[in-house]
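Report on the following structure.
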Number of protein chains: 2
Amino acid sequence: MAQAIPIRKNSPLKASCHECSLSNLCLPLAVEENDLERLEDIVQQGRIFNRGEHIFDQSTPFRSCFAVKSGSIKTSIITEGGEEQVTGFFMPGELVGLDSMSGETYACTAKALERTSVCEFPIEKLEELTGKMPELQHHMYHLMSQEIQNSHQLAMLLSKNTAEERIAALLLSLSSRFQRRRLSPTNFSLPMARNDIANFLGLAVETVSRVFTRFQNQGLIRARGREVELLDVEALQTVTREFSRQGCQ
Amino acid sequence: MAQAIPIRKNSPLKASCHECSLSNLCLPLAVEENDLERLEDIVQQGRIFNRGEHIFDQSTPFRSCFAVKSGSIKTSIITEGGEEQVTGFFMPGELVGLDSMSGETYACTAKALERTSVCEFPIEKLEELTGKMPELQHHMYHLMSQEIQNSHQLAMLLSKNTAEERIAALLLSLSSRFQRRRLSPTNFSLPMARNDIANFLGLAVETVSRVFTRFQNQGLIRARGREVELLDVEALQTVTREFSRQGCQ
DNA sequence: GTACGAGGTTGATATGGATCAATTTGGACG
DNA sequence: CGTCCAAATTGATCCATATCAACCTCGTAC
């Protein structure tokens with residue numbers, strides 16, 4: 001079943017983790033240079049999806065986690081009634097599918113927001129490997145824990161914060177994720193539509209639109225379509241913290 | 001550093017996982033009978049907390065995960081401004097602290113809602129053990145994934161559902177968790193105050209109170225204080241699904 | 001170039017639940 | 001058994017955001 005290792009390693013189509021520019025963000029982050037090829041042996045690299053295509057589908061058998069290599073991914077849950085709830089956005093270097101590691105099927109649907117390439121980690125092989133590599137296991141725990149925290153953070157945003165606070169928080173989150181990749185933290189292009197933002201943040205599209213223009217009028221951002229420029233990061237941070245400040249009497 | 005194993009195993013104060021009534025819910029669930037003592041070797045059992053006492057505190061060093069043995073626990077995040085956000089309720093057999101496995105400190109504060117006993121799993125030893133026991137590792141992934149899903153579910157509830165739907169969902173969640181423990185799924189005592197429910201569900205206390213009385217008037221439940229009886233489980237399920245139904249045109 | 005449709009913006013109105021305020025209940029304790 | 005304080009309930013009002021409706025913008029296809 002397993003392909004001969006030399007073939008995979010030498011295949012020009014299979015770019016290696018060694019050469020990947022995201023190796024300081026992705027799973028290789030937790031792996032010694034020497035052990036990197038053990039990770040390379042299980043990863044299936046280079047799958048490419050066009051905008052709108054599904055990487056995986058809720059209720060199909062869970063097989064793999066996916067690392068975003070380029071592009072971006074939206075995950076969402078479809079309820080019985082056909083309503084969509086966006087649960088997350090994933091950018092290069094981030095791992096998708098961690099919420100599916102219980103149960104037989106994927107817990108959500110993952111859709112490419114633009115032309116996107118991913119690396120696939122078959123879950124059985126990944127579990128086998130983490131069993132042998134304590135640092136990689138540790139890193140998996142770390143990532144999953146992080147995702148729990150992110151989700152709690154989102155729940156908090158949804159239950160306690162105003163529309164402005166939610167949107168400021170999202171912009172700043174994206175900003176810092178661009179920064180991690182050594183891209184401009186103040187000048188970027190939103191990978192998702194207003195609709196997705198609204199759904200993710202529990203708002204109506206109209207509200208998202210209004211807040212964008214309000215921020216623009218206040219000189220906090222400049223936005224045309226999906227192109228965004230953060231003009232006053234500090235002010236945005238103040239917006240997100242305003243809520244908790246008020247709580248402090 | 002490690003105590004002599006025979007002493008621990010024979011100590012009358014250290015009840016064993018073998019004898020624990022929750023062994024089919026808790027971590028032992030994933031462990032072969034034969035291997036159970038390896039788990040027993042690392043667990044520190046029997047710590048007891050009174051109502052209101054902290055099991056651990058946000059921003060103190062993260063050392064252990066805790067399994068609830070009896071009683072119940074509330075976890076919450078305290079924001080800079082002192083605002084509390086309840087992130088979860090934990091019942092016997094459930095594992096607390098999974099959200100803290102990234103970072104040096106606990107990600108939230110865990111507080112006993114009543115007199116509560118817990119089993120402590122020092123994280124370093126637990127990680128070491130899961131590295132040696134594939135099924136236990138698999139179970140950890142399963143639990144963490146489950147918690148991500150729960151949190152997404154909560155986010156969904158918060159962003160899309162009405163007060164009635166949220167409260168019906170919480171009641172049903174508690175119901176099924178009592179049922180897993182072979183307790184009555186229709187007749188139980190809420191471990192948490194209305195305040196905690198409100199905070200958890202992103203509502204005002206007054207709203208929670210109103211919904212409880214409304215449900216009562218509709219004959220869905222009977223509630224006096226923390227004592228709750230679910231009179232019409234099906235109707236409650238309908239309430240939680242009503243939203244998604246509407247979405248289906 | 002023009003037509004088309006999806007995505008985005010703007011305006012007017014409605015509403016669920018927050019907030020403020022008052023009262024009641026219940027449990028802990030002397 | 002009464003006192004006291006926190007928790008819970010009930011009522012009245014207000015507001016942020018949803019909803020409904022109209023319009024605009026831009027990319028794509030012909």
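Throughout, protein chains are lettered first and strands after them, A, B, ... in sequence-line order, and every chain is numbered starting at 1. Not measured: the values here are computed from a predicted model.
Side-chain polar atoms of B/Thr105 and B/Ser59 form no donor-acceptor pair below 3.5 angstrom.
Remark: A/Ser184 pairs with A/Thr186, A/Asn187 by the side chain to side chain contact (heavy atoms under 4.5 Å, CB included) rule, at least two apart or across chains. In terms of the side chain to side chain contact (heavy atoms under 4.5 Å, CB included) criterion, residue partners of B/Glu94 (sequence neighbours excluded) are, by chain and number, B/Phe90, B/Met91, B/Arg177, B/Arg180. Residues meeting the side-chain hydrogen bond (donor to acceptor under 3.5 Å, both in side chains) test with B/Ser209, sequence neighbours left out: none. Qualifying side chain to side chain contact (heavy atoms under 4.5 Å, CB included) partners for A/Ser151, counting only residues two or more places apart in sequence or in other chains: B/Ser151, B/His152. Residues meeting the side-chain hydrogen bond (donor to acceptor under 3.5 Å, both in side chains) test with B/Ser100, sequence neighbours left out: none. Among residues two or more places apart in sequence or in another chain, the side chain to side chain contact (heavy atoms under 4.5 Å, CB included) test is passed with B/Arg115 by B/Ile48, B/Asn50.
Among residue pairs with one or both ends in residues 198-241 of chain A, those qualifying as ring pair (Phe, Tyr, Trp, His ring centres under 6.0 Å) are A/Phe89-A/Phe200; sequence neighbours excluded. Among pairs with a residue in residues 162-198 of chain A, those fulfilling ring pair (Phe, Tyr, Trp, His ring centres under 6.0 Å) read A/Phe178-A/Phe188, at least two apart in sequence or across chains.
DNA chain D lies under 4.0 Å from at least one heavy atom of each of the following residues of residues 192-200 of chain B: B/Ala193, B/Arg194, B/Asn195. Within residues 207-224 of chain B, the residues that place at least one heavy atom under 4.0 Å from DNA chain D are, in residue-number order, B/Ser209, B/Arg210, B/Thr213.
One axis for each end of the helix from C/dG1-D/dC30 to C/dG30-D/dC1, each built from five base pairs, and the angle between them comes to 40° at 10° resolution.
Distance, A/Leu201 CG to D/dT17 P: 12 Å, rounded to whole Å. Across the protein-nucleic acid pair, A/Glu227 atom CD and D/dC26 atom P stand 13 Å apart, rounded to whole Å.
If you check every strand for non-hydrogen atoms under 4.0 Å, A/Ala204 touches a base.
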Which donor-acceptor pairs under 3.5 Å do the side chains of residues 220-230 of chain B make with protein atoms, sequence neighbours left out?
from	atom 1	to	atom 2	distance (Å)
B/Arg222	NE	B/Glu229	OE1	3.1
B/Arg222	NH2	B/Glu229	OE1	3.2
B/Arg226	NH1	B/Pro191	O	3.0
B/Glu227	OE2	B/Ser189	OG	3.2

